[in-house]
Amino acid sequence: MEDSTSPKQNSLSRFAEASVEFAKLSIVWLLIILLVSLFEVIYNGIHHDLSSGFIIVLFWSWLNDLLFWLKALLLLYIVFVILFLISRKFSERIYGVFVIIMVLIQVALTFYFATALVPLGADVPSHSVEIKTTLVGSIASFLSIFSLLLLLCITAAALWILPQKFHVNRYIAVLLPILSLFVIFAGGTAMASGVDLKSEFANNLVLNKIDYFEGSTYARNHPLPHELDIYADNYIVDYSNTAPAKPISFNYVDPTNYPFLHTDTEVDVLTPLFNRTAAPPNIVIIVVEGLGRAFTDDGAYLGNFTPFIDSLSDRSLYWKNFLSEGGETSAALPSILGSLPFSKDGFSALGNNMPEHLSLLNLLKYNGYHTSFYYGGNSANNNMNVFLRKNRIDELNDEKTFPKSGYTRMPAPNGLTTRGYDDKSLFNHFLATRNEKDATPQLSVLLTASSHSPFVINEEDKYLKKFEQRLTQLNFNENQKDAHRAYKAQYASILYLDDALGGFFNSYRKRSDYKNTIFLITGSCRMPDIPMSDKLDRYHVPLIVYSPMLKQPLTISSVSTHFDIAPSLFAYLHGSYKTKGPSLVSWIGQGLDTNHNYRNLHSYPLMQEKSAIVDFIMGDYHLNQQNLFKINGEFGEDLVQDDAKLNQIKGTFNQFLQRNSAIGRGNHIVPDSIIQRYSPAKR
């Protein structure tokens, strides 16, 4: 008897069979994804505080997992069906291997987040050493290895057993890729994008870590087009305490060839605050690794763990609502010293392709200053050495130049290499090598290293004891103490740094050049290894300007950023000591706002991590990706819905991004004629 089934019917039957088998395996994968997320929420709930509540965090976590799963199904379905029509067993095995690999990646990213407290983004190549250190440290424990092996065994068993145990209707099976198509093209992923769990840690915890990594990688390699052709000229302000702000637009002279070049209209706001000396002052800029306002100075919401810095702030110009320009240390030097754009992955990431530019280093060297840099680690990290040499630095001191004896390296964690010399050694090395009798004015930049992951410090027992004492001094109750003890290594490193700074200043006061020195202290960024309260918290750092030359201390509530330091310092030296500079500059910053009261008159981008320029502040608003937050007078922020304001800020942000992206395409910062005059290769 002949088979009456037509080839078309056979094809439809095979197609339906493939769809059903794909649906079974995909549902198993979803269950594993949800299981890993359940493990992640429980694991982080044990080690960190889930102030938003376990159930609500798990709900949003599973919703993000479901959306990620649905987005992935369409392409997987197409590949699976093609392979299934060739060989059923082969397609099933390939899908099984894929699921096991995805689980392995998901678990690794889960442990990375549990250690770093920020999801891993697209900047793997530029942070390969730090990421390796974090991953090794987070997965090295017995519990982590056991959990990973257990989850992989569960995955393999589930793929082997479950598809045979349940039935999936063929119509539902075919519906899955259609639903995936809807999620991709109809905006289904926006369902969870506006979640605000009142804690940056919780907001990051509920993210699907693979989805986040893929999204940031795609954004890095496929930046959004910039439709606008002009840049919304930012403004600077009248810095008196009573006068209203006066918008003053930057006059960009050649935006096609020099996107950020404008006439220098910087207002000198610092001269009235200092007593003038006969000779130009020495300037010492101390960039402290991870020094966030969350745990620094009076009013820190996590408690003040820097008693010396707090005492110094009381005698200084102190900006309490100050922002770093990056969420990582890599952005610090170009932003602080040069007020420079980010390009694609951060200005220093351009390496030897950094366009020639002006900064405090080469401009002050032109004016007779001796310039130096001190760092206890390897200055090749983040291309710092390349950036500094581009700026004609006179001395570059890092771990390779430290004397063989007399200085102490930080301990090596988990058998890995040490991060270099500790902060006490850094400050002692600086003091030993700077001649206080030298009449040449000095610009020195110091970058600390001890308060950085993995937070392994010398004298650990001493500072863990000081940490416990500090908890009592801050009048914490037992619940608060237990919450802080989860990060005792981080807080101990901060106390260590604070002691190191105290010793540095005590020694410096005995030097003859102390009375003619201006010190600036700021954080490179806010340490992310202690949970953050909101998106802005990642950038919230102090700025302290201290000097015996100050007329009086001043606490400043208005907002400024790292971008504002270089233009204001140079304007001060030009106004008080007639230092010479070009009439055309490329500062992005508009200068420090010295108004006593809270206000933000700046419009600036913030680079969350390399390749992720996703934040923009403008007045009282903060744009983070597609979400708009309003900043309050306490420098916290709340998620708001204001489409008109959102579109206005997006437009201004996109205009910056257009100019910024031109730098990565080979555009110049300043003309060669200015470089040849103010930053010659040889003097």
Side-chain angles (χ1 to χ4, degrees), residues 230-231 233-234 236 248-268 280 283 285 325 333-343 346-371 373 383-384 386-394 441 443 445 562-591 604 656 658-683:
I230 61 171
Y231 185 68
D233 291 335
N234 290 330
I236 54 180
I248 305 175
S249 297
F250 283 162
N251 178 24
Y252 291 97
V253 297
D254 188 358
T256 301
N257 296 304
Y258 305 98
F260 292 99
L261 189 67
H262 57 84
T263 53
D264 187 5
T265 55
E266 181 56 50
V267 178
D268 175 14
I283 296 174
I285 300 175
E325 276 300 328
L333 294 186
S335 299
I336 294 170
L337 299 176
S339 194
L340 288 160
F342 302 124
S343 187
F347 190 79
S348 61
L350 293 169
N352 291 319
N353 294 321
M354 289 181 214
E356 295 288 346
H357 54 275
L358 296 179
S359 73
L360 286 176
L361 291 170
N362 47 26
L363 281 173
L364 293 192
K365 180 173 179 175
Y366 172 81
N367 282 278
Y369 272 73
H370 179 90
T371 59
F373 175 75
N383 289 323
M384 289 188 291
V386 180
F387 172 77
L388 294 166
R389 288 176 181 133
K390 280 272 187 181
N391 284 273
R392 321 298 190 230
I393 193 84
D394 289 315
L443 169 62
V445 181
H562 281 168
F563 276 160
D564 299 308
I565 292 175
S568 280
L569 267 182
F570 193 77
Y572 160 67
L573 293 173
H574 174 72
S576 290
Y577 300 96
K578 307 306 177 186
T579 54
K580 297 178 181 178
S583 59
L584 297 176
V585 295
S586 60
W587 313 124
I588 292 179
Q590 304 149 340
Y604 291 149
F656 166 81
Q658 180 180 3
R659 292 200 174 207
N660 180 70
S661 64
I663 302 303
R665 297 195 302 268
N667 283 58
H668 298 287
I669 301 288
V670 293
D672 289 342
S673 57
I674 293 179
I675 293 295
Q676 290 169 5
R677 178 174 180 183
Y678 293 97
S679 183
K682 295 181 179 180
R683 287 187 54 216

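Scope of the values below: all heavy atoms of this structure, side chains included, with no hydrogens, waters or symmetry mates.
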Aromatic centroids of Phe563 and Phe342 separated by under 6.0 Å: yes
So [Y] and [X], do their side chains get closer than 4.5 Å, heavy atoms only?
X      : Y      : answer
Pro255 : Arg659 : yes
Val386 : Ser348 : no
Trp587 : Ser568 : no
Leu584 : Val670 : no
Leu443 : Ile285 : yes
Leu364 : Leu573 : yes
Gln590 : Val267 : no

Return the [atom1] to [atom2] distance between [X] and [Y], rounded to the nearest 0.5 Å.
X      : Y      : atom1 : atom2 : value
Ile669 : Ser586 : CD1   : OG    : 5.5 Å
Ile675 : His668 : CD1   : NE2   : 10.5 Å
Ser359 : Ile393 : OG    : CD1   : 8.0 Å
Leu363 : Leu358 : CG    : CG    : 4.5 Å
Asp564 : Ser339 : CG    : OG    : 7.0 Å
Leu261 : Asp254 : CG    : CG    : 7.5 Å

Nearest atoms (heavy-atom pairs only) where [X] meets [Y]:
X      : Y      : value
Asp268 : Gly575 : OD2-CA, 3.7 Å
Pro567 : Glu266 : O-CG, 3.4 Å
Ile336 : Ala566 : O-CB, 3.4 Å
Pro280 : Tyr369 : CB-OH, 3.4 Å
Ile663 : Ser343 : C-OG, 4.2 Å
Pro334 : Phe347 : CB-CB, 4.0 Å

Sidechain-backbone polar pair: [X] side chain, [Y] backbone, donor-acceptor under 3.5 Å:
X      : Y      : value
His574 : Thr579 : yes
Asp264 : Ser583 : no
His562 : Gly589 : no

Any residue meeting side-chain contact (heavy atoms from CB on, under 4.5 Å) with Ser576, in chain and number order, not counting sequence neighbours: Thr271, Tyr572
Please determine whether a side-chain nitrogen of the Lys or Arg among Arg392 and Glu356 lies less than 4.0 Å from a carboxylate oxygen of the Asp or Glu. yes
Going by atom types only, do Ser679 and Asn362 share a side-chain donor-acceptor pair under 3.5 Å? yes
Could you tell me if Tyr577 and Asn367 have a donor-acceptor pair between their side chains, going purely by distance under 3.5 Å? no
Before giving the answer on side-chain contact (heavy atoms from CB on, under 4.5 Å), spell out for Val585 and His262 the whole-Å C-alpha distance, their side-chain angles and the decisive distance to 0.1 Å. CA-CA 6 Å; Val585 295; His262 57 84; 3.5 Å; yes
So Phe260 and Phe656, would you call those rings parallel, tilted or perpendicular, with 30° and 60° as cut-offs? tilted
Could you check whether the rings of Phe250 and Tyr252 sit parallel, tilted or perpendicular, using 30° and 60° as the cut-offs? perpendicular
Assess whether side-chain contact (heavy atoms from CB on, under 4.5 Å) is satisfied between Leu337 and Phe387, documenting all intermediate values. CA-CA 10 Å; Leu337 299 176; Phe387 172 77; 4.2 Å; yes
